[in-house]
Amino acid sequence: MNSTIQLYDATLRDGMGGGGMSLTAQEKLRVVERLDALGIDMIEAGFPSSNPKEAELFELLAAAPLSTAVIVAFGMTRRRGVSAENDEGLNVLAASIAPAVTLVGKSSPLHVEKVVRVSREENLEMIAGSVAFIAGAGKRALFDAEHFFDGWREDSQYALETLQAAIDAGAERVVLCDTNGGSMPSQITETVLAVREALPNALIGIHTHDDGGCAVANSLVAIEAGATQVQGTLNGIGERTGNANLVTINADLQLKRGIEGLAAENLARLTETAHFLDELLNRAPNPAQPYVGKNAFAHKAGMHAAGVSADPGTFEHIDPSLVGNRSEVIVSELAGRATIAEKGSLAGLDLDAAVSARIVDKVKELEHAGYQFEAADGSFELLMRRESGSYEPLFRLESWSVTVEQSADGAVASEATIVIWLGDQRYERRATGNGPVNALDSALRSAIVEVHPEVADVELVNYKVRILDESHGTDAVTRVLIDASDGERVWGTIGVGENVIAASWQALVDSLEFIHQPALDKKDGQP
Ligand SMILES: [Zn+2]
């Protein structure tokens with residue numbers, strides 16, 4: 001068993017196959033930045049096609065300063081009856097900005113004959129020719145052996161030949177895929193051991209799906225059997241029942257098996273990174289998710305709670321702070337403060353112990369009211385600034401109002417009026433918009449740009465509303481998340497309230513105030 005493992009994230013490609021999974025190019029960039037900060041080695045970004053959304057993502061990635069992660073483009077081996085040189089998809093991959101390419105090809109004779117309908121020999125040529133073409137274009141080539149474990153059970157000799165074809169053609173690694181997700185751990189162990197014996201010099205990766213409920217277990221046993229790369233997605237999102245959950249795998253590898261994947265200080269970012277993705281997907285994080293769920297270290301029963309207070313080892317399998325989570329019983333004030341102080345220093349703020357403690361209290365209070373700052377980095381920075389005295393308000397509000405009117409022909413018109421103060425000057429502005437929030441935004445900006453022209457560059461790229469069904473008080477509340485961008489950075493802001501327009505107003509104001517704040521000496525590389 002290897003002591004270090006290469007971590008390969010497929011959230012943005014395979015993960016997006018799940019129902020209701022959709023992210024904009026800007027949001028995908030934010031995910032890439034988080035994965036990079038976490039210390040993930042390789043990030044699969046998808047196929048760099050002419051589809052405008054994918055094309056935009058690869059353009060953004062070309063300009064993104066990543067510290068360690070390698071961007072991987074993903075595509076298929078050549079189509080049948082066409083040479084690799086003349087295959088359109090392969091040419092797109094060869095020309096992409098990604099330094100590495102994962103090519104998926106068939107390893108199961110059943111699929112070769114029934115699905116692709118080519119001879120076994122042509123399939124081997126499709127793999128070899130495609131890998132050679134990509135490697136010849138100067139890319140690091142990885143071969144995803146699709147349906148490998150099913151193929152192995154049908155004809156292990158042929159399944160091996162597909163791997164050998166890829167390796168001979170220049171693939172740096174072959175990835176064994178349990179595409180149907182139905183293999184059991186003992187089958188995975190047996191197969192990986194046999195492949196290693198047959199191909200002792202090959203670098204092996206493992207890619208599993210959770211149809212049999214064993215994706216994480218299958219990944220772990222494959223690593224024990226000699227795989228040195230593990231592929232998965234954040235929170236296990238993906239088609240059907242999902243992919244292997246890379247969050248759980250990371251914690252298991254590090255804390256249970258002593259295998260180095262993430263740096264220890266990055267492991268403590270797991271919880272916030274997992275929640276960040278759920279917030280972007282506009283879904284509630286699973287409270288029962290291993291390691292990072294809200295209930296993962298919650299102790300309800302009196303005896304458990306008493307035991308944990310006396311010695312956390314009695315009812316907790318690990319110290320929750322190792323993965324950035326916390327016990328619901330003993331909230332570690334010290335750990336909380338240290339995390340805040342670190343976040344402050346990343347933003348360029350020097351927070352002393354008293355200020356950090358105040359921020360911890362404030363965050364707890366706001367979380368109780370329905371706020372979540374994982375995807376609202378902009379609002380969180382403003383909060384830290386307010387508590388530490390480095391906050392500069394953009395304007396003073398006197399009042400705002402919105403009317404929404406529907407006429408008999410069905411047309412809906414929104415109009416907003418705002419009254420604000422900039423210095424000792426009073427501004428009253430009215431604007432229409434294609435919705436109440438858009439009208440408020442227009443009215444507010446038309447006043448502010450006269451004094452602060454920089455707010456004209458802020459674009460609201462995303463607006464999301466969620467009704468919180470958990471009872472945070474007496475009534476249901478609405479949470480609004482806005483992503484804003486100035487063309488270089490993207491920041492998230494949040495508003496919460498019983499009224500959706502009022503919650504939107506908070507998030508809107510934060511998105512403009514964020515860019516107005518006095519510059520600080522920011523540290524690079526951390527979102
Ligand atoms: Zn897959």
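Numbering of ligands and ligand atoms starts at 1, following listing order. These figures come from a predicted structure and were not determined experimentally.
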Do Tyr291 and His317 have their ring centres less than 6.0 Å from each other?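 Yes, they do, as the ring centres are separated by less than 6.0 Å.
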Residues pairing under salt bridge (Lys or Arg N to Asp or Glu O under 4.0 Å) where one sits in residues 163-190, two or more places apart or in two chains, turn out to be Arg140-Glu172
Going by distance alone, is a donor N or O of one side chain under 3.5 Å from an acceptor N or O of the other, for Thr493 and Ser511? no
Whether over 12 other heavy atoms sit under 6.0 Å from Glu88 CD: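 12 or below, so no.
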Which protein N, O or S atoms lie under 2.8 Å from the Zn ion (ligand 1), given by chain and residue number? Asp14 OD2, His207 NE2, His209 NE2
Can you give each donor-acceptor pair under 3.5 Å made by side-chain atoms of residues 125-134, sequence neighbours left out, with the distance rounded to 0.1 Å?
{"from": "Glu125", "atom 1": "OE1", "to": "Arg78", "atom 2": "NH2", "distance (Å)": "3.1"}
{"from": "Ser130", "atom 1": "OG", "to": "Arg78", "atom 2": "N", "distance (Å)": "2.8"}
{"from": "Ser130", "atom 1": "OG", "to": "Met126", "atom 2": "O", "distance (Å)": "2.5"}

For Thr179, side chain to side chain contact (heavy atoms under 4.5 Å, CB included) partners two or more places apart: Glu146, His147, Cys177
